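Naming convention: chains lettered A, B, ... in sequence-line order (proteins, then strands); numbering from 1 in each chain. Note that the structure is a prediction, hence the values are computed from the model and not measured. Only heavy atoms go into these numbers, but all of them, side chains included; no hydrogens, no water, no symmetry mates.
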Protein chains: 2
Amino acid sequence: MSGYAPSEAARRSGFSLDTLRYYEKIGLLADVERTSGGQRVFTDDDLGWLVLFRCLRDTGMPIAQMRRYAQLARDGEHTTDERHELLCHHAARVEEQMRLLQRQYDHLREKISFYERPSGTAAGSEAG
Amino acid sequence: MSGYAPSEAARRSGFSLDTLRYYEKIGLLADVERTSGGQRVFTDDDLGWLVLFRCLRDTGMPIAQMRRYAQLARDGEHTTDERHELLCHHAARVEEQMRLLQRQYDHLREKISFYERPSGTAAGSEAG
DNA sequence: GCTTGACCTGGAGCGCGCTCCAGGTTGGAG
DNA sequence: CTCCAACCTGGAGCGCGCTCCAGGTCAAGC
């Protein structure tokens, strides 16, 4: 149930081995277990963190902020308010990001439509 | 109507002066006009390109691909099919990007909800 | 016991997209 | 004519997030 070799953790999380080591090195993952010989053993809990990191990374959170979040979580229950706030601020940024992406996607689609309509007028400057 | 000083072009495009120079240096902007003394003069057409570059950049297109598009446009009418295809492929990637962003945003919102619901069970591993 | 592939460490290197700098030139206001 | 802010060039440097490397260790299968 728990206790994954590095390669298995990489497969399940979608992060590379190097990235897993890197995340530990910079303090995103802390206290990763080891075998007596020193090889890493990832738990389900670690995997849960990795899922969260993927979510935050895919939504554009800088690593420094993920570190902060992880540190707060390690600091205990009394940091829940701050963690909550951190995630909410991030969510707001993501919403803005989604709006911008949608807007620029619409521009792109409009641009594409000029290549598809009969052969008419070139509306915006060059690049028709 | 046309003929903007660098600072004005920067203001209107939202790119920094350094970025405008950089874009010219790497061949995104070509044949930017100059005064007799060598200072740049940006045209409405240049501004149009910059608007396009911002759209492509904001949607995550790598600069190498923007260069390719710009070069094709300079190469003339017979490249319209290829340009169209390039933009369509990019649009498809943007759609995928939007889906991923939405999915991860939903995860994030779910995570946030655990901080907001009464005080119940910690569903996903740690980081509650 | 031996082999072999997965794993370890510390540290250097990379790819991207700018950003900054030094040292010199330009050009419009007064 | 003088001044000074805006501009020029070539090239170095940066911040991010990994990614790769050398040289060595571990552990499961035969």
Side-chain angles (χ1 to χ4, degrees), chain A residues 3-43 46-47 49-70 90 93 97 100 104, chain B residues 3-43 46-47 49-70 90 93 97 100 104:
Chain A
Y4 308 101
S7 58
E8 181 64 11
R11 200 186 59 74
R12 291 192 182 223
S13 68
F15 290 111
S16 75
L17 289 170
D18 269 320
T19 299
L20 293 181
R21 286 195 275 260
Y22 171 69
Y23 280 2
E24 186 181 355
K25 180 152 58 178
I26 65 173
L28 262 186
L29 286 175
D31 307 319
V32 175
E33 290 177 21
R34 303 295 183 118
T35 65
S36 56
Q39 307 205 184
R40 289 177 182 80
V41 178
F42 292 87
T43 63
D46 293 327
L47 266 287
W49 274 103
L50 290 173
V51 167
L52 176 61
F53 294 152
R54 174 157 298 286
C55 170
L56 297 178
R57 189 187 85 162
D58 286 352
T59 50
M61 182 184 281
I63 280 184
Q65 224 162 111
M66 292 195 226
R67 275 181 60 168
R68 174 152 181 71
Y69 181 88
H90 180 59
R93 279 190 301 271
Q97 192 188 156
L100 173 62
Q104 297 293 36
Chain B
Y4 308 100
S7 57
E8 180 66 12
R11 201 187 59 74
R12 291 192 181 222
S13 68
F15 290 111
S16 74
L17 289 171
D18 269 320
T19 298
L20 293 181
R21 286 194 275 260
Y22 170 68
Y23 280 2
E24 185 181 357
K25 179 151 58 178
I26 64 173
L28 263 186
L29 286 175
D31 307 318
V32 175
E33 289 177 22
R34 304 295 184 116
T35 65
S36 57
Q39 308 206 183
R40 288 176 183 78
V41 178
F42 292 88
T43 62
D46 294 325
L47 267 287
W49 275 102
L50 290 173
V51 167
L52 176 60
F53 293 150
R54 173 158 297 285
C55 169
L56 297 178
R57 188 186 85 162
D58 286 350
T59 51
M61 182 183 283
I63 281 185
Q65 223 163 112
M66 291 195 226
R67 274 180 60 169
R68 173 151 182 72
Y69 182 87
H90 180 59
R93 280 190 301 271
Q97 193 188 157
L100 173 62
Q104 298 292 38

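Note that CG of B:Leu56 and NE2 of B:His90 are 5.5 Å apart. Values are rounded to the nearest 0.5 Å. A:Leu29 CG to A:Leu47 CG: the interatomic distance, rounded to the nearest 0.5 Å, is 9.5 Å. Note that CG of A:Leu50 and SG of A:Cys55 are 13.0 Å apart. Values are rounded to the nearest 0.5 Å. A:Phe42 contributes atom CZ, which lies 4.5 Å from atom CG of A:Leu20 (distance to the nearest 0.5 angstrom). Between B:Trp49 atom CH2 and B:Tyr23 atom OH the span is 13.5 Å, to the nearest 0.5 Å. A distance of 12.5 Å separates CZ in A:Arg12 from CG in A:Asp46, rounded to the nearest 0.5 Å.
Nucleic acid contact class of A:Tyr23 (heavy atoms, under 4.0 Å, all strands): sugar-phosphate only.
Without hydrogens or angle criteria, B:Glu33 side chain to B:Thr43 main chain gives no donor-acceptor distance under 3.5 Å. Judged by distance alone, with hydrogens and angles left aside, the side-chain atoms of A:Arg54 form a donor-acceptor pair with the main-chain N or O of A:Ser13 at under 3.5 Å. The backbone N or O of A:Ile26 sits less than 3.5 Å from a side-chain atom of A:Arg67, completing a donor-acceptor pair.
Taking atom CG of A:Leu28 as the reference point, atom C1' of D:dG17 lies 11 Å away to the nearest angstrom. One atom, CE of A:Met61, and another, C1' of D:dC16, lie 16 Å apart when rounded to the nearest Å. In this structure, CZ of B:Arg54 is placed 9 Å from P of C:dC18, rounded to the nearest angstrom. At whole-Å resolution of the value, CZ in B:Arg67 and P in C:dC16 are 11 Å apart. For the pair B:Leu17 CG and D:dC8 P, the computed distance is 8 Å after rounding to whole Å. When rounded to the nearest whole Å, the span between CZ of B:Phe53 and P of C:dG17 equals 13 Å. Atom-to-atom, CZ of A:Arg40 to C1' of D:dC26 comes out at 14 Å; the value is rounded to the nearest Å. One interatomic measurement links the two molecules: CE of B:Met66 to P of C:dG17, which rounds to 7 Å at whole-angstrom precision.
A heavy-atom distance below 4.5 Å is not found between the side chains of B:Phe53 and B:Thr19.
Between A:Glu8 and A:Arg11 there is a salt bridge, with a side-chain nitrogen of the basic residue lying less than 4.0 Å from a carboxylate oxygen of the acidic one.
The listed nucleotides are C:dC8, D:dA6, D:dT9; the one nearest the side chain of B:Ser7 is D:dA6.
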Taking only nitrogen or oxygen atoms into account, show me every contact under 3.5 Å that the protein makes with nucleotides 19-24 of chain D, one pair per line with its distance.
from	atom 1	to	atom 2	distance (Å)
D:dC20	N4	A:Asp18	OD1	3.4

Protein-nucleic acid N or O pairs under 3.5 Å, nucleotides 26-30 of chain C:
from	atom 1	to	atom 2	distance (Å)
C:dT26	O4'	B:Gln39	OE1	3.3
C:dG27	OP1	B:Thr35	OG1	2.8

* Please, what dot-bracket string fits DNA chain D when only Watson-Crick and G-U pairs with both distances under 3.5 Å count, crossing ones use [ ] and pairs to another strand use |? -> ||||||||||||||||||||||||||||||
